[in-house]
Amino acid sequence: MKRDNLIRMANGIGAFFEAMPDRQQAVADVAAHLRRTWEPRMRVEILKSLGTVEEAQLKPVVRDALLALARSDA
Amino acid sequence: MNAPQTIDFGTPRVGAGDTVRLEIDGIAVDVAAGTSLLRAAAEAGVMIPKLCATDFVKPFGSCRLCLVEIEGRKGYPSSCTTPAEAGMKVRTQSPQLAKLRRNVMELYISDHPLDCLTCSANGNCELQTMAGVVGLREVRYGKGDPTPGENHYVDAVKDESNPYFSYDPGKCIVCNLCVRACEEQQGTFALTIAGRGFGSRVTAGQGESFLESDCVSCGACVQVCPTATLMEKTVIAKGQAERSVTTTCAYCGVGCGLRAEMKGSEVVRMLPWKDGRANEGHACVKGRFAWGYATHPDRITKPMIRTKISDPWREVSWDEALAYAAAEFRRIQAKHGRNAIGAIVSSRCTNEEDYLVQKLVRTAFGNNNVDTCARVCHSPTGYGLKQTLGESAGTQTFKSVEQADVIVVLGANPSDAHPVFASRLKRRVREGARLIVIDPREIDLVSSPHIWAEHHLKLRPGTNVAVLSAMAHVIVSEGLVDEAFVAERCEAKAFADWREFVLRPANSPEALEAASGVPAAAVRAAARLYATADNAAIYYGLGVTEHSQGSTAVIAIANLAMATGNLGREGVGVNPLRGQNNVQGSCDMGSFPHELPGYRHVSDTVTRAMFERDWGVEIQSEPGLRIPNMFEAALDGSFLGLYCQGEDPAQSDPNTQHVTAALAAMECVVVQDLFLNETAKYAHVFLPGASFLEKDGSFTNAERRISRVRRVMPPLAGMADWEVTLALSKALGYEMHYGHPAEIMDEIARLTPTFAGVSYAKLEREGSLQWPCNDDAPGGTPTMHVDEFAGLRGGKGRFLITQYVPTDEKITRRFPLLLTTGRVLSQYNVGAQTRRTANTNFYAADLLEIHPHDAEERGIREGDRVGVESRAGKTVLPATLTERVQPGVVYTTFHFPESGANVVTTDNSDWATNCPEYKVTAVQVSRQSGA
């Protein structure tokens with residue numbers, strides 16, 4: 001799984017949900033979408049971007065969703 | 001040639017209304033007001049002689065055979081053109097009527113060849129039958145001619161240009177049935193009667209051959225011809241059929257009911273099934289004629305294996321092939337984990353086959369790595385409609401279009417891709433419905449005989465969401481929202497948020513004009529027309545879904561329908577035109593990696609527990625890999641085994657180099673197909689597939705209609721596809737026990753609430769059923785969301801904000817043109833079937849459509865071979881210059897593997913579903929040296 005590709009895909013999801021008026025809900029929706037449709041190894045791989053230079057490539061709504069995912073998976 | 005064994009009522013059924021009682025030959029008959037006397041008699045079992053009438057087209061009254069007597073009235077009116085009235089007393093037989101009919105027949109026969117014994121229509125000729133019915137015993141006219149009965153067109157040359165039927169003008173009785181069928185049923189207007197008197201004859205176009213004319217080879221003319229004038233070449237070669245079997249077409253998502261006319265186990269011809277509700281007796285060039293692939297010499301009928309893809313194939317027994325595949329899958333799982341293998345199912349396979357493969361994956365494989373080729377076409381429909389309307393399916397019947405006042409066709413080309421539905425749509429437009437086309441290209445519907453789009457929004461590829469948001473802006477800002485519908489049927493807060501969003505100046509047609517290329521005034525006019533119609537319906541296709549914002553566009557369509565109250569009744573709705581015959585069914589059957597049958601998420605513990613109890617295994621609660629994810633995982637070494645049933649991703653999926661590299665990286669690829677397709681080049685095991693003629697099952701079409709597929713001939717390889725999956729599962733150690741696909745459907749019904757009322761017995765009785773079909777709707781559900789949006793919280797429709805996000809695929813100086821893709825009428829998807837039929841006479845190679853201005857800039861002339869290069873790859877295609885495409889846009893089809901259309905398409909995909917963005921690829925086009 002190429003992480004840069006996963007980041008691009010996740011940012012696409014973020015681009016849809018970041019237009020929602022309730023940002024907290026948007027973050028939750030991004031996280032839910034990733035959890036419900038991404039196979040675990042994809043989620044594991046993109047979570048590796050947190051805390052690295054790749055994190056800057058993430059849309060803020062996606063980064064926050066990944067942080068939420070990381071917390072719930074922990 | 002008219003179909004045997006079916007009752008032809010002579011004129012079309014009249015819609016339900018007041019009933020009138022009359023008397024025909026002393027029999028009291030009750031019929032709907034407006035019904036012809038000919039039909040009223042037929043419904044009462046009284047068959048009045050006729051030659052120019054059929055229940056497919058309006059009455060014409062020319063043959064003068066269906067004359068009757070009406071008490072109290074003078075003369076002998078033709079019963080086909082005389083409406084039944086209350087109290088009428090009609091006689092269909094009398095000495096005077098008999099004399100008149102004999103005289104009429106005598107005139108017909110005097111001008112007709114008398115070669116009945118050797119005529120291809122012998123045994124099924126209406127002219128011959130009518131001669132017998134009226135008791136014709138003598139022909140007095142034409143005796144002065146050298147050969148009585150051949151006094152005109154004696155030297156007529158047959159037109160054999162069409163690969164599927166011949167035209168013999170010498171046998172034409174000028175009944176006009178073919179002309180009327182072409183006009184009324186098909187809507188092509190390719191035929192006419194040329195000449196006068198004895199010189200009159202049917203002619204295609206302006207006297208061209210059928211092949212050169214505008215004829216689209218739908219075959220409606222052949223079907224209604226009462227003589228051998230227009231005759232299927234298969235009937236000429238093989239003679240009349242002995243029996244027929246009703247089944248369902250295996251091509252597009254219309255899912256036409258067909259009657260396979262058989263001689264032993266050989267198909268003689270295919271006729272559309274008159275009682276098939278999807279098609280009501282009509283078919284297209286693919287369904288009616290292009291079935292010869294089933295017995296094509298290229299069919300592989302022996303299982304084969306090889307250790308490496310560079311090795312030659314070795315024919316083996318079924319047992320050896322299945323044992324090898326199972327051993328390889330188990331070896332891979334032992335080494336790399338149970339998630340290292342998976343399966344792809346096809347929307348061309350039956351519901352039962354799709355159900356079995358996902359069951360095999362979830363039981364024998366022990367994971368959720370199953371996906372369907374719907375991934376690469378309509379997965380955004382499933383997502384978008386589920387989010388907004390609560391169910392992953394279209395809302396209407398095809399027949400519903402007959403009630404539509406305004407029809408929006410968005411990103412679809414029905415005349416080519418869904419031709420039988422297109423005929424219905426065009427008929428409605430000819431009746432006065434107004435048409436809006438939203439498409440980058442000038443599809444046939446924009447302007448064709450007696451049809452024109454009132455608005456053609458010729459948008460740039462990739463800007464559907466911009467145009468839909470702009471339309472929403474107009475509807476809200478101009479007060480065109482159906483406030484009562486929204487208040488009663490939709491979530492209030494979601495609507496308020498959406499209203500605020502679409503009202504932003506950034507979403508106005510003027511603001512989005514630069515992005516979409518569509519003049520703001522045109523968007524405003526189209527939005528007003530859609531919103532103010534009594535009934536407005538949206539039909540959309542892959543031009544909506546196959547984008548990086550495919551799901552957003554589907555949501556935007558649903559938003560428009562809710563905002564204008566165009567849901568929950570006939571004539572309206574959101575109608576996805578599914579690309580393949582069983583796209584809807586394969587999705588319904590749990591073929592997605594995150595959903596069990598009935599669109600229930602694998603994390604749903606209650607649903608999972610139900611399946612676990614039934615199947616006796618534990619099911620994973622995490623989603624599996626989608627098709628593109630499988631390929632990614634193959635390249636990183638974590639996905640190494642694939643069971644691919646009826647699908648050819650090496651040709652059909654985008655970025656061919658990426659796909660083939662992934663396939664080549666796998667250790668065991670099992671392909672189950674009719675032919676050695678492109679994917680089979682990377683396979684280690686080949687399992688012969690069975691065509692739709694060789695198996696039992698069911699397909700579910702775009703209107704959620706479940707129809708039976710019936711076996712008409714034995715499987716050439718000895719096993720139907722569902723039997724192969726059972727055998728593979730057994731080889732893997734998980735036995736499934738079904739004696740017939742009916743038992744598989746019983747299990748589907750037992751475990752899937754929306755299918756709870758479906759069974760083969762019921763399908764036999766009803767002909768077809770539209771899901772949901774259960775205790776709440778025992779007869780099925782023709783129209784969805786009548787009272788509520790059942791799948792959503794509180795039953796309320798859910799507006800969602802649809803921000804336009806431009807695709808990452810940008811034009812640059814290096815890649816200045818946008819390539820978009822589509823289909824032609826005569827070919828189907830990757831062409832595996834249609835390329836192996838005479839349909840190649842109509843379209844033998846993929847072409848690149850380019851605007852003359854773009855061509856001139858590049859020195860490209862008609863027919864030149866041109867290089868098409870994108871960021872993903874390069875291919876070469878012959879160019880054709882046309883103004884159907886706008887400057888800056890080029891277009892091609894993907895029916896032929898050698899053209900490599902998907903060599904240039906990219907990895908971009910829909911944000912929600914990973915459906916590839918086939919419709920937008922930045923390319924450069926250049927003339928090849930020596931072209």
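Throughout, protein chains are lettered first and strands after them, A, B, ... in sequence-line order, and every chain is numbered starting at 1.
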Taking all non-hydrogen atoms of both residues, which atom of A/P40 and which atom of B/P623 are closest, and how far apart?
-> CD-O, 3.4 Å
What heavy-atom pair brings B/I801 and A/M20 nearest, and what distance separates the two atoms?
-> O-CE, 3.6 Å
B/L635 versus chain A, the contacting section by heavy-atom distance below 4.5 Å | neither
Residues which pass side-chain contact (heavy atoms from CB on, under 4.5 Å) with B/A664, listed by chain and number, not counting sequence neighbours | B/I309, B/Y682
Check chain A and chain B for donor-acceptor pairs under 3.5 Å and report each one on its own line.
| unit_1 | atom_1 | unit_2 | atom_2 | d |
| --- | --- | --- | --- | --- |
| A/M1 | N | B/D636 | OD2 | 2.1 |
| A/K2 | N | B/E632 | OE1 | 3.4 |
| A/R8 | NH1 | B/N908 | OD1 | 2.6 |
| A/H33 | NE2 | B/A912 | O | 3.1 |
| A/R36 | O | B/H601 | NE2 | 2.7 |
| A/R41 | NH1 | B/S638 | O | 2.8 |
| A/R41 | NH1 | B/S638 | OG | 2.9 |
| A/R41 | NH2 | B/N339 | O | 2.7 |
| A/R43 | NH1 | B/E622 | OE1 | 3.1 |
| A/R43 | NH2 | B/E622 | OE1 | 3.0 |
| A/R43 | NH2 | B/E622 | OE2 | 3.0 |

Considering only heavy atoms, which portion of A/M42 lies under 4.5 Å from any heavy atom of chain B: side chain, backbone, both, or neither?
-> side chain
